[in-house]
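Order of appearance sets the numbers: ligands from 1, and atoms from 1 within every ligand. These numbers come from the heavy atoms of this one structure, side chains and all, not from hydrogens, waters or symmetry mates.
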Amino acid sequence: MDREQPKGIMVSTKFLLFLPLILLPIIGTQANDRFCLGAFSNTTILNDTYHRNVNGALSSLISSNNSKGYGFYSSSYGENSDKVYANGLCRGDLKPAACVTCLNSSIYALLEGCPNNREASLWAEGCKLRYSNHSMPGNVELLPSSTSYSSKNVSLSSSVVEGFNQRLVALLGELKVEAAAGGDVLKFAVGNASVSIYSNNVSTIYGLAQCNPDLSEMGCSNCLGEALGSLQKYCYGNGFGKYANPSCDLRYELNYHFFAPANQTVPAALSP
Ligand SMILES: *[C@@H]1O[C@H](CO)[C@@H](O)[C@H](O)[C@H]1NC(C)=O
Ligand SMILES: *[C@@H]1O[C@H](CO)[C@@H](O)[C@H](O)[C@H]1NC(C)=O
Ligand SMILES: *[C@@H]1O[C@H](CO)[C@@H](O)[C@H](O)[C@H]1NC(C)=O
Ligand SMILES: *[C@@H]1O[C@H](CO)[C@@H](O)[C@H](O)[C@H]1NC(C)=O
Ligand SMILES: *[C@@H]1O[C@H](CO)[C@@H](O)[C@H](O)[C@H]1NC(C)=O
Ligand SMILES: *[C@@H]1O[C@H](CO)[C@@H](O)[C@H](O)[C@H]1NC(C)=O
Ligand SMILES: *[C@@H]1O[C@H](CO)[C@@H](O)[C@H](O)[C@H]1NC(C)=O
Ligand SMILES: *[C@@H]1O[C@H](CO)[C@@H](O)[C@H](O)[C@H]1NC(C)=O
Ligand SMILES: *[C@@H]1O[C@H](CO)[C@@H](O)[C@H](O)[C@H]1NC(C)=O
């Protein structure tokens with residue numbers, strides 16, 4: 001599919017950065033050592049023990065006994081202040097084999113790109129991966145976040161843009177509720193809404209919402225609320241938008257059916 005280059009923004013606690021993003025955010029230029037975002041970064045060397053534990057936590061991640069839900073894995077390695085926690089989550093429509101492949105290649109990308117940071121996150125097309133010095137079971141973590149979006153309005157007409165935006169917000173709001181209510185192994189929802197943009201045909205907005213399944217319903221709802229706020233802020237009226245943080249994801253596309261058709265959805269299994 002021929003798409004324009006997305007624009008993007010990544011936010012960590014200490015810096016705000018505007019840069020062009022592909023679906024996999026590319027660069028996190030760090031003023032500090034807290035976060036490595038994306039696969040490639042100027043790194044800060046911590047100590048060898050921590051570094052070894054990052055390797056240990058990531059390389060033991062995709063083991064069946066680390067699976068806490070459909071396509072959701074967490075692991076830890078090391079002790080005390082050097083203990084490293086990792087977790088990975090596959091998009092809810094990925095089949096188990098595709099999930100493992102996505103996480104596995106993300107692990108290598110993250111080890112290569114962000115080997116010596118205290119925390120790092122990587123968002124790939126089908127999964128996301130993270131390591132940090134603290135565990136986050138059930139916690140909503142809003143940072144670091146990544147938002148990428150089209151720079152173009154779907155139309156030059158402001159009434160069309162407004163109509164589109166209303167449909168979009170309604171769709172994403174429904175997906176938010178549905179994903180949050182998903183239960184403790186999978187919090188995932190996809191859907192579509194038709195919208196009139198051109199006079200000669202009807203367009204379709206496709207949306208996806210997902211939370212880490214260990215969040216509470218309210219935690220998930222709050223996280224996706226934040227996501228929706230960010231998409232509204234940066235991509236009001238734009239043809240696509242994608243938000244991700246360690247706890248949840250929200251994405252929409254116009255006329256691009258980017259997730260597996262509902263009747264083919266087979267969530268990544270609890271264990272391989
Ligand atoms: C990282 O940044 C520091 C300071 O900005 C610079 O001296 C160093 O060469 C950079 N390292 C790499 C691998 O780019
Ligand atoms: C869980 O997996 C780890 C390594 O992947 C292994 O060392 C450990 O024995 C496993 N535990 C159980 C209960 O299977
Ligand atoms: C680094 O090494 C020292 C000594 O082993 C340890 O006390 C410290 O907590 C380590 N970890 C980090 C993240 O600095
Ligand atoms: C994981 O990736 C490595 C390196 O790309 C590859 O050698 C290995 O076979 C992969 N393992 C799985 C289970 O896909
Ligand atoms: C993780 O590292 C940060 C930054 O050094 C530190 O403030 C925080 O206390 C650490 N958390 C844990 C649980 O060790
Ligand atoms: C998009 O449309 C809205 C509403 O018409 C307008 O306020 C905004 O400036 C437009 N943005 C761009 C990038 O054209
Ligand atoms: C929209 O989703 C419904 C199921 O909710 C499905 O039946 C329909 O085919 C989808 N429409 C498009 C255009 O993908
Ligand atoms: C709808 O019409 C517009 C303008 O004529 C065209 O660019 C677009 O490709 C059409 N979309 C579909 C889904 O047919
Ligand atoms: C599921 O989708 C396939 C095409 O992808 C279609 O042939 C089939 O009829 C669908 N089944 C149901 C139950 O909707």
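For Tyr77, the OH atom sits in a loose shell: 12 or fewer heavy atoms of surrounding residues, nucleotides or ligands are nearer than 6.0 Å.
Residue contacts with ligand 8: Asn255 is placed with no nitrogen or oxygen under 3.5 Å of a nitrogen or oxygen of the ligand (distance criterion only). Considering backbone and side-chain N/O of Asn192, one or more are found under 3.5 Å from N/O of ligand 7. For ligand 8, none of its N or O atoms has an N or O atom of Tyr198 under 3.5 Å away.
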* To do: Show the numbers, then the answer: is there a disulfide (SG to SG under 2.5 Å) between Cys99 and Cys90?
  => CA-CA 6 Å; Cys99 175; Cys90 288; 2.1 Å; yes
* Please test Asp214 against Lys68 for salt bridge (charged side-chain N to carboxylate O under 4.0 Å, His left out), starting from the C-alpha separation and ending with a verdict. => CA-CA 8 Å; Asp214 61 351; Lys68 308 278 191 319; over 6 Å; no
* How far apart are the C-alpha atoms of Val190 and Phe188, what are their side-chain angles, what is the distance that settles it, and do they pass the side chain to side chain contact (heavy atoms under 4.5 Å, CB included) test? -> CA-CA 7 Å; Val190 289; Phe188 174 71; 3.5 Å; yes
* To do: With disulfide (SG to SG under 2.5 Å) as the test, would you mind laying out the steps for Cys127 and Cys102 before giving the verdict?
  => CA-CA 6 Å; Cys127 64; Cys102 185; 2.2 Å; yes
Could you go through ligand 4 and list every pair where one of its N or O atoms sits under 3.5 Å from a protein N or O, giving the atom names and the distance to one decimal?
{"residue": "ligand 4", "atom": "2 (O)", "partner": "Asn104", "partner atom": "ND2", "Å": "2.3"}
{"residue": "ligand 4", "atom": "11 (N)", "partner": "Asn104", "partner atom": "ND2", "Å": "2.8"}
{"residue": "ligand 4", "atom": "14 (O)", "partner": "Asn104", "partner atom": "ND2", "Å": "3.1"}

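Near Tyr206, meaning under 4.0 Å from any of its heavy atoms, are these atoms of ligand 7: 12 (C), 13 (C), 14 (O).
Classification of Glu141 and Arg130 as a salt-bridged pair holds, one side-chain N sitting under 4.0 Å from a carboxylate O. Under 4.0 Å is where a charged nitrogen must lie from a carboxylate oxygen, and between Glu125 and Arg251 at least one such pair does.
Tyr149 and Tyr234 have parallel rings, their planes meeting at less than 30° on a 0 to 90° scale where 60° marks the start of perpendicular.
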